[in-house]
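The structure under discussion appears below in the form of structure tokens.
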Amino acid sequence: MANENVTVKNVDSFIITGFDHLQNQKLLGFLILITYMLILLGNSINLCIILTDRHLHKPMYILICNLAVVDIMYSSTCSTTMISVLLAEIKTVSYYSCFSRTYLYHLGDFTECMALTLMAIDRLVAVRLPLRYHSIVTNSRILLLICVTWIAGFAVIGFLTSVLDRVPYCQPVIKYVFCEYASMIRAACVNPEPYFFLPVMLSLWPMCGQFPFIVCTYAVLAYSVTKLSNNSGRKQMINTCSSHLIVLLSFYAPKLLTSLLTRIGVMLNLTERNAILIVASIVPPLINPTVYCTRTKEIRKRLADLFLHKKIVPNNLKSISLALSS
């Protein structure tokens, strides 16, 4: 409902003012730029390695590819705006550009939650039902589940952002560091509190549903590790699960911190909220490819072969050469 004492007017662009109070804007801009370049590099390497090696066309690697695509989209929507504001000093974002970036940002947030859940389920089936894993988790089923998560994301986030397109705007000023739901609704000529009910309800699903579920799956996996008598198998399982845990915590930690501080009555100022928002938006997409490049044996081996210029010989050619030499 529009405020009575505010003049409603058409807004064709927004001005990002979240960085105005900072002293070293260029330094922060370069840090974000370097981080964003590393995000693109790391996720692109993962995508290229997996897509070009048919031996890696397996469910787990398809899920890693999906996560890489999500990370690129998720980080690009916010990083490009912040880099433009800090380094190019272009603070104005057109209305439809801001609207589309808001949509893609929250779509990335939603699909990342779903991607992490699918990866946890994949590991749970692999550990608890190892003999039936390849019959239960197939490439076609994984692709179908990924498509379902994306379709659900398009629908849910589409409904959420449609609210922004219907509210009247009084001022073209966004006090946050990039375009997202909270920043846009606070720029509208409305009492923002009722409009936060929907995103709060949507955030309860990952925080109270998916995150506890994923934690439970890793608790089951930890229990399974204690039952293993084979030290090499135990080490491999711990290495695999620890990779997923690092990725999981990097994504959920900022959300849990914000939620916890809000619950105990700590009021964050705008600078603190913006800092958490920046960390939550660019740190997980940076950590994810780093973890999977360094802790996944097949990807690590492929990287070593590429950087050391080793010629990769297919298994059938190896067997032929051995036969000829004998």
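Atom set for the values below is all heavy atoms of this structure, side chains included, hydrogens, waters and symmetry mates excluded.
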Taking the side chain as every heavy atom from C-beta outward, state whether Q210 and Y252 have any atom pair closer than 4.5 Å. yes

Looking just at side-chain N and O atoms, do Y133 and D122 make a donor-acceptor pair shorter than 3.5 Å? yes

Could you check T111 against Y74 for side chain to side chain donor-acceptor pair (under 3.5 Å), going step by step and ending with a plain yes or no? CA-CA 9 Å; T111 49; Y74 184 49; over 6 Å; no

What residue among V70, V247, L63 forms side chain to side chain contact (heavy atoms under 4.5 Å, CB included) with L116? V247

To the nearest 0.5 Å, how far apart are CD1 in I62 and CD1 in I50? 9.5 Å

Using a 3.5 Å distance criterion without hydrogens, assess whether the side chain of E272 forms a donor-acceptor pair with backbone atoms of N269. yes

What's the spacing between L144 CG and N139 CG if we round to 0.5 Å? 12.5 Å

Say whether, by atom type as modelled, one donor and one acceptor occur between the side chain of S281 and the main chain of L277 under 3.5 angstrom. yes

NE2 (H134) with more than 12 external heavy atoms under 6.0 Å: no

So which heavy atom on Y95 is nearest to which on D165, and how close? OH-OD1, 2.7 Å

Between Y169 and D12, a side-chain donor and acceptor under 3.5 Å: no

Contact check, side chains of T102 and F99, non-hydrogen atoms, under 4.5 Å: no

Do T161 and H106 meet the criterion of a side-chain donor-acceptor pair at a distance under 3.5 Å? no

Below 4.5 Å, heavy atoms only, C-beta onward: do V177 and I278 meet side chain to side chain? yes

Check this for me: F196, atom CZ, are more than 12 non-hydrogen atoms of other residues, nucleotides or ligands nearer than 6.0 Å? yes

If we only count heavy atoms from C-beta on, is the N288 to E112 side-chain gap below 4.5 Å? yes

Beyond-backbone contact of I282 with S79, side-chain heavy atoms, under 4.5 angstrom: yes

Would you call D53-K58 a salt bridge at under 4.0 Å N-O? no

C179: disulfide (SG to SG under 2.5 Å) partners, not counting sequence neighbours: C98

Does F154 offer a backbone N or O that forms a donor-acceptor pair with the side chain of Y103 under 3.5 Å? yes

K175 NZ: over 12 foreign heavy atoms closer than 6.0 Å: no

Decide if atom CD of Q23 counts as having more than 12 heavy atoms of other residues, nucleotides or ligands within a radius under 6.0 Å. no

Sole candidate of F14, F19, Y105 that passes ring-ring contact (aromatic ring centres under 6.0 Å, His included) when paired with F178: Y105

Can any side-chain N or O of S84 pair as donor or acceptor with the backbone N or O of T80 at less than 3.5 Å? no

Rounded to the nearest 0.5 Å, how far does OG1 of T81 lie from CD1 of I32? 10.5 Å

Taking ring pair (Phe, Tyr, Trp, His ring centres under 6.0 Å) as the test, write out the residues that go with F251, two or more places apart. none

Heavy atoms only: give me the nearest G153-L107 pair and the separation to one decimal. C-CD1, 3.5 Å

Taking the side chain as every heavy atom from C-beta outward, state whether V283 and I287 have any pair of such atoms under 4.5 Å apart. yes

I want to check something: taking the side chain as every heavy atom from C-beta on, are N274 and M82 in contact at a cut-off of under 4.5 Å? no

Would you mind listing every salt bridge (charged side-chain N to carboxylate O under 4.0 Å, His left out) that reaches into residues 72-97, with sequence neighbours excluded? D20-K91, K26-E89

Side chains of P289 and I45: does their closest heavy-atom pair fall under 4.5 Å? no

Derivation and outcome, side chain to side chain donor-acceptor pair (under 3.5 Å), residues Y176 and R186: CA-CA 10 Å; Y176 287 71; R186 291 190 185 280; 3.3 Å; yes

Let me confirm one number: the CG-CG distance from L248 to L245, rounded to the nearest 0.5 Å. 6.5 Å

Short side-chain to backbone donor-acceptor contact, S13 and V93, under 3.5 Å: no

No-hydrogen, no-angle side-chain donor-acceptor test under 3.5 Å, Y36 and S76: yes

